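Predicted model, so just to flag it, every value in this text is computed and none were measured. Just follow the structure's listing: the first ligand is 1, and inside any ligand the first atom is 1. Below, all heavy atoms of this structure are taken into account, side chains as well, without hydrogens, waters or symmetry copies.
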Amino acid sequence: MSDSLTIAIDGSAASGKSTLGWALAKKLNYLYLDTGVMYRAVTWAALHHHIDPHDEAAVTALAEKISLQILPPTKNDGRQATVLVDGTDITWEIRTPKVDANVSLVSSYPGVRRVLTEQQREIAAHGAVVMVGRDIGTVVLPHADLKLFIEASVEVRARRRYNERIARGEQADFDALLASMIRRDKLDREKPISPMIPADDAIIINTNNLSQEEVVARVLALVNEKMAQKKVAHGSR
Ligand code: DC
């Protein structure tokens, strides 16, 4: 049996969980999957096909029908993955304010979650994976070896999103971003299925006053600890 780990990272928007997950996967040579892109891709597809995001049945049928592929980056433009829907590269289209405004609603539909959760479990089946989202430790991979829940204040997170947009040369309005994030946090926390809550056995890390490097270093120490425990457990059998 392999000593590689299955790592679940959950947390709110712009908490730093994707940056952490990406850095960790690179260092460990693990597969990286940010599951948020899958909910965003379904939302983008609904808008693209002029399906009303409030039409749960139509959005769910669409999620079942589309071909969703998350590939390693195919371009060197800052992307962490290439996202294809029915063969079209929508990596950056899923980051627009229109998708931001509708993705919480789409991700609240049980049918959409069922389709995407199944795909996520298949992707994680071979281990050596870092999976990032809201419900990875609680629902998607309840037996993950290491579960992390990443937190930061809403002001810090809105500032990070603002800086990212400005760095990409896009327009950004801090107050609008803050308001949208407060709204999305509430929806994510209060959704009746798979709400954003830490798993009982998750380790909570607050990144308000930590640099990205400090967060990665802290988590790598936890990973090494888990790997050592797993080795001992295998060796003693
Ligand atoms: O992490 P993100 O902002 O890209 O996520 C987009 C939306 O998808 C967010 O509103 C929460 C939702 N989501 C979810 O419900 N479950 C996941 N595992 C990942 C994201």
Per-atom contacts, ligand 1 versus K17 - under 4.0 Å to a heavy atom: 1 (O)
For atom 8 (O) of ligand 1, closest protein heavy-atom neighbour: Y39 CB, 3.6 Å
CZ/R218: more than 12 non-hydrogen atoms of other groups inside 6.0 Å: no
H49 atom NE2, over 12 foreign heavy atoms within 6.0 Å: yes
For atom 18 (N) of ligand 1, closest protein heavy-atom neighbour: D135 OD1, 2.8 Å
Ligand 1-proximal atoms of M38, by part, heavy-atom distance under 4.0 Å: neither
Closest candidate by heavy atom, reference atom 19 (C) of ligand 1, pool V42, V103, T35: T35
Heavy atom of the protein closest to atom 15 (O) of ligand 1 (residue, atom name, distance): R113 NH1, 2.8 Å
S104 N/O to ligand 1 N/O under 3.5 Å: yes
K75/D77 salt bridge by N-O under 4.0 Å criterion: no
Partner residues of Y109 under the ring pair (Phe, Tyr, Trp, His ring centres under 6.0 Å) criterion, sequence neighbours left out: none
The one among V37, N102, L33, D188 that brings a heavy atom closest to atom 11 (C) of ligand 1: D188
Run the side-chain donor-acceptor check on residues 117-124: report pairs under 3.5 Å with partners two or more places apart or on a different chain.
unit_1	atom_1	unit_2	atom_2	d
T117	OG1	R113	O	2.7
R121	NE	V140	O	2.9
R121	NH2	V139	O	2.8

Pairing of R40 and D100 as salt bridge, 4.0 angstrom limit: yes
Side chain T207, main chain A152, donor-acceptor under 3.5 Å: no
Numbered atoms of ligand 1 (with element) below 4.0 Å of S107, judged on heavy atoms: 12 (C), 15 (O)
Winner among R184, R161, R134 once heavy atoms are compared against atom 1 (O) of ligand 1: R134
Salt-bridge present (D188, R134; N to O < 4.0 Å): yes
Ligand 1 contact by M196, heavy-atom criterion under 4.0 angstrom: no
Protein contact to atom 3 (O) of ligand 1 [nearest heavy atom, distance to 0.1 Å]: R40 NH2, 3.1 Å
